[in-house]
Protein chains: 2
Amino acid sequence: MNRATHEHDIPHAHAGHGHAAHDALNSPVHGERATRQRAAIREVMVKEARPMSPPEILDAAKKLVPRLGIATVYRNLKAMVEVGELSPVQLPGNRLFYELAHKADHHHHHFRCEDCERVFDIDGCDETFSALLPAGFTLHSHDLTLYGSCAECATKALARQAKALAKQAKAAKPQSPAA
Amino acid sequence: MNRATHEHDIPHAHAGHGHAAHDALNSPVHGERATRQRAAIREVMVKEARPMSPPEILDAAKKLVPRLGIATVYRNLKAMVEVGELSPVQLPGNRLFYELAHKADHHHHHFRCEDCERVFDIDGCDETFSALLPAGFTLHSHDLTLYGSCAECATKALARQAKALAKQAKAAKPQSPAA
DNA sequence: TTGATTGCAAATCGTTTGCACGAGA
DNA sequence: TCTCGTGCAAACGATTTGCAATCAA
């Protein structure tokens, strides 16, 4: 989960959601099947290794299973979350993203590239924000989302800038046609 | 926006804040009308003074304008955002919330009560998270959302606990009927 | 008056679900 | 074989939009 579920908490013994009870509940009692579709989804998630949206996953997985439908993607994502293989990633304002569960096992957050819209994991963040709370409030967890440019897009942006500057300089030269 | 574009906190002084919604910035170029519906929405937002969802706003504003429809709420919220009177608040999850724009003028974040689902503003947060970024990434802004119990719900929860304990204790007494 | 605004319903958009068919075990 | 899973389409919930009636300026 992106939601950091461990922080300041009242002495209130309460389990919450967590996948603590999964072992007993979700043992392969249901006889889960290994389908091409699910394998394709898994492959995509492993290869990309970053939080992805259902449509993103569909597009990528369609290259492996052309007739794959969006409904199947949603059903599998949900099932894989229940089994503990994936974790839902809730970003401000956007549709749900999903990432490999082991990534969610340790406290981390997300970075969203404002250019390519992709989401990346960010490790760290040992902050405790309980100091910010008004009196009487109790803190259970937090979500932190960073926005900016990923390395790739930042590089491209720089290249564009450089190009623009070059063109500008060129245009400024006396021999060139005046703008 | 809740998105902390923590570049510069523009002092942005508001003179008499009676209802001077349209100062110089929002010159009524479009000839906006003052409708009962919009007034009701504004009144609700001012009174509650916290980020609210469109349905929340509808419910509250219906007490002022009974025949108010959800579409009108959405249209007005959007218009009020464009005019700069309100700011959209994107919380991890999905539904957009709205809050008075002046609240968004300074860097702040949000707290969501996991019990009553209400959202509150949280001031502060002078952190800079750029240290968390991978090489090549650049940070523009961040969103921080805290989760827990608001003062009201925390109190209620304690009351419930106390009550449960009392009942338990009572049930344990020999004279009481066994549960 | 007159055109912006409303209310209602139909239309979207993302996501879920019903159902008959296809495919793992 | 015998279910479970898939694909497709209809259903859904949140938000938007078309349109005739309404109302503020």
Side-chain angles (χ1 to χ4, degrees), chain A residues 26-44 51-83 85-98 117 119, chain B residues 19 21-22 26-44 51-83 85-98 112 117 119:
Chain A
N26 301 345
S27 44
V29 191
H30 309 290
E32 303 234 324
R33 286 180 186 175
T35 67
R36 284 173 309 130
Q37 294 71 349
R38 180 169 314 199
I41 292 172
R42 181 175 300 122
E43 193 173 328
V44 165
M52 299 176 79
S53 68
E56 268 185 315
I57 296 168
L58 174 65
D59 287 345
K62 261 188 169 170
K63 291 171 188 162
L64 302 171
V65 182
R67 293 183 53 69
L68 181 61
I70 188 68
T72 297
V73 170
Y74 277 107
R75 273 189 288 236
N76 274 292
L77 291 178
K78 186 180 284 190
M80 292 165 88
V81 166
E82 268 169 22
V83 163
E85 185 174 359
L86 297 182
S87 297
V89 174
Q90 307 230 155
L91 299 173
N94 279 289
R95 57 150 62 54
L96 259 190
F97 282 64
Y98 293 84
E117 297 286 292
V119 177
Chain B
H19 271 102
H22 318 251
N26 332 304
S27 42
V29 193
H30 287 263
E32 305 229 321
R33 288 183 185 174
T35 65
R36 284 174 305 134
Q37 295 68 352
R38 183 175 308 202
I41 292 172
R42 181 175 301 123
E43 191 173 328
V44 165
M52 298 178 79
S53 68
E56 267 185 316
I57 297 167
L58 174 65
D59 287 345
K62 262 189 168 169
K63 291 170 188 162
L64 303 171
V65 182
R67 292 183 55 70
L68 182 61
I70 188 69
T72 297
V73 171
Y74 277 108
R75 273 188 287 234
N76 274 293
L77 291 177
K78 185 180 283 189
M80 293 165 87
V81 166
E82 269 169 21
V83 163
E85 186 174 355
L86 297 182
S87 296
V89 174
Q90 309 227 148
L91 299 172
N94 272 355
R95 178 192 244 86
L96 258 191
F97 283 64
Y98 293 85
R112 172 140 203 176
E117 298 285 292
V119 177

S.K.: How close do A:Pro51 and A:Val89 get, counting heavy atoms only, and between which atoms?
M.R.: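 Looking at all heavy atoms of both residues, the closest pair is CB-CG2, 4.2 Å.
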S.K.: Nearest nucleotide by nearest heavy atom, which residue falls closer to the 5' end of DNA chain D, B:Ala71 or A:Thr72?
M.R.: A:Thr72
S.K.: Let me know the distance between CG of A:Leu68 and C1' of D:dC8, rounded to the nearest Å.
M.R.: 13 Å
S.K.: Taking only side-chain N and O atoms of A:Arg36, does any of them lie within less than 4.0 angstrom of OP1 or OP2 on C:dG24?
M.R.: yes
S.K.: Say you draw a straight line from CZ of A:Arg42 to CG of A:Leu64; how long is it, rounded to the nearest 0.5 Å?
M.R.: 12.5 Å
S.K.: In whole Å, what is the span from the CZ atom of A:Arg33 to the C1' atom of C:dC21?
M.R.: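 Value for this atom pair: 13 Å.
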S.K.: Please report the distance, rounded to the nearest Å, between CD in B:Gln37 and C1' in D:dA21.
M.R.: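 That distance rounds to 13 Å.
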S.K.: Measure from CG on A:Leu58 to P on C:dG14 and round the result to the nearest Å.
M.R.: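 To the nearest whole Å, that distance equals 12 Å.
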S.K.: Shortest non-hydrogen contact from B:Arg112 to B:Val119?
M.R.: CD-CG2, 4.2 Å
S.K.: Rounding to a whole Å, what distance do you find between B:Asn76:CG and C:dG7:P?
M.R.: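 Taking CG of B:Asn76 and P of C:dG7, I get 9 Å after rounding.
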S.K.: May I have the distance from A:Arg38 (atom CZ) to C:dA25 (atom C1'), rounded to whole angstrom?
M.R.: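 Taking atom C1' of C:dA25 as the reference, CZ of A:Arg38 is at 15 Å.
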S.K.: Hey, is the side chain of A:Thr35 poking within less than 4.0 Å of OP1 or OP2 on D:dC4, counting only N and O atoms?
M.R.: no
S.K.: What is the distance, to the nearest angstrom, from the CZ atom on B:Arg95 to the P atom on C:dG14?
M.R.: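 The answer, rounded to whole Å, is 17 Å.
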S.K.: Would you name the heavy atoms of A:Pro54 and A:Leu77 that are closest together and state the gap between them?
M.R.: CG-CD1, 3.9 Å
S.K.: Of the options D:dT17, D:dC8, C:dA25, whose atoms approach the side-chain atoms of B:Arg75 most closely?
M.R.: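 Of the options given, the side chain of B:Arg75 lies nearest D:dT17.
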S.K.: For the pair made of CD in A:Glu82 and C1' in C:dT16, what is the distance, rounded to whole Å?
M.R.: 13 Å
S.K.: May I ask you to evaluate whether B:Arg67 reaches the phosphate of C:dC8, defined as a side-chain N or O under 4.0 Å from OP1 or OP2?
M.R.: yes
